[in-house]
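A short write-up of the structure that comes next.
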There are 2 protein chains.
Amino acid sequence: MRLRVDPTSPEPIFEQLVFRVKEAIAQGSLVGGDRLPSVRELARDASINPNTVARAYEALEAEGVIVRRQGSGCFVTEKGSSLATNERKRRLDALVQRLVTEGFHLGFGARELRDALAERLSATPLPPRRDS
Amino acid sequence: MRLRVDPTSPEPIFEQLVFRVKEAIAQGSLVGGDRLPSVRELARDASINPNTVARAYEALEAEGVIVRRQGSGCFVTEKGSSLATNERKRRLDALVQRLVTEGFHLGFGARELRDALAERLSATPLPPRRDS
DNA sequence: CCAACTGTACTATTTGTCCTAGTACAGTCG
DNA sequence: CGACTGTACTAGGACAAATAGTACAGTTGG
């Protein structure tokens, strides 16, 4: 479990960690029940402060992505999002709008956006969902 | 030209403004040559500080989205992104990865992601591109 | 020409976040 | 017991965001 971080990025380190973990789960390299590196171990490996890692794990637990067990470790959750359907839809729309708007200003058209998404999805298929 | 802003959001106000303008352009409600509200006018309408608006306009100019003309106003640019092809591709991939990862954790699968994007693109088609 | 508008550039202050550092406590497991 | 887990503080430095106020410079239209 190797997690890299860019200390020069404007994106906060703890947020980078949060996304990396979610990314690993979305790619299937982490599955429900898997244990994350300990706060101190990950901090040492990435040369950051243990508090920063703890902050990331705290955020991940707040999102329902992991559970933290004192004395035992942090483990990937089995369940899916616990948000209301409207809220989930709203957030998805915001993500799509982000992609479309920024993609357009990068000079990409509708077809290229669709292709990029399709390519990404076929390159690393999403793990099967265990819906509640 | 009505631009709303959420002062309670964790996203900086000036970044919200930047995105709103880019969004309006990507939707065709702003086109090349159009004039944006003045710094002071927009600040008054949105109940924010003129410096915050100036900051947003500065960022938009740095991205090549608008030009600022002293005494005259700010105008939407005609040209597209001036980034290298590799960089454009890298940013698009990052955007797509964001959508896929966050979308997965919201409980959406590959088909739903593709459908959401397709729906968004057909609902408000991208304006024609004036490539350089 | 002049008045009223534009953007631009400062300085100063307040507020909040990020990150580091250090210490300590509490639960778990072999 | 001992070595590991997460958790919870405090403190401080660095930085970003936003506000407030003032001033200057270019443009426009009456």
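Convention: sequence-line order gives letters A, B, ...; per-chain numbering from 1. From a predicted model like this one, the values you see are computed outputs, not experimental measurements.
Whole-Å rounding puts the B:Glu15 CD to D:dA17 P distance at 6 Å. When the C1' atom of D:dA20 is taken as reference, atom CZ of B:Arg55 falls 17 Å away, rounded to whole Å. In this entry the distance linking CD1 of B:Ile48 with P of D:dA17 reads 14 Å, nearest Å. Following rounding to the nearest Å, B:Glu58 (CD) and D:dA18 (C1') show an atom-to-atom distance of 15 Å. If you take CG of B:Asn51 and C1' of D:dG21, they are 9 Å apart, rounded to a whole angstrom. What separates CD of B:Glu11 from C1' of D:dA17 is a distance of 13 Å, to the nearest Å. The distance between atom CZ of B:Arg68 and atom P of D:dA25, rounded to the nearest whole Å, is 17 Å. Between the CG atom of A:Asn49 and the P atom of D:dG13 there is a distance of 16 Å, rounded to whole Å.
With the nearest nucleotide of DNA chain C identified for both A:Gly71 and A:Arg40, A:Arg40 has the one nearer the 5' end. Positionally, the nearest nucleotide of DNA chain D for A:Cys74 lies more toward the 5' end than for the other of B:Ile13 and A:Cys74. The nearest heavy atom of DNA chain D to B:Ser72 and to B:Phe14 marks one nucleotide each, and the one closer to the 5' end goes with B:Phe14.
Tested against A:Thr101, the residues A:Gln97, A:Arg98, A:His105 include a single side chain to side chain donor-acceptor pair (under 3.5 Å) partner, A:Gln97.
Remark: the backbone N or O of B:Thr124 is not paired with any side-chain donor or acceptor of B:Gln27 at under 3.5 angstrom. For the pair A:Thr77 (side chain) and A:Val65 (backbone), a donor-acceptor distance under 3.5 Å is present.
The environment of CZ in B:Arg35 is crowded: more than 12 heavy-atom neighbours from other residues, nucleotides or ligands sit within 6.0 Å.
Read 5' to 3', the first and last nucleotides of DNA chain C with an atom closer than 4.0 Å to a heavy atom of chain B are C:dT6 to C:dC10.
Using a 4.5 Å cut-off between side-chain heavy atoms of Ile, Leu, Val, Met, Phe, Trp and Tyr, B:Phe75 falls into a hydrophobic cluster with B:Val67.
Ionic pairing of B:Arg55 and B:Glu58 is not present here: no N-O contact between side-chain nitrogen and carboxylate oxygen is shorter than 4.0 angstrom.
The A:Ser38 side chain lies nearest to D:dT5 when the options are D:dA25, D:dT5, D:dA18.
Partners of A:Arg40 under the salt bridge (Lys or Arg N to Asp or Glu O under 4.0 Å) rule, at least two apart in sequence or in another chain, do not exist in this structure.
Residue B:Arg69 places none of its side-chain N or O atoms closer than 4.0 Å to OP1 or OP2 of D:dT27.
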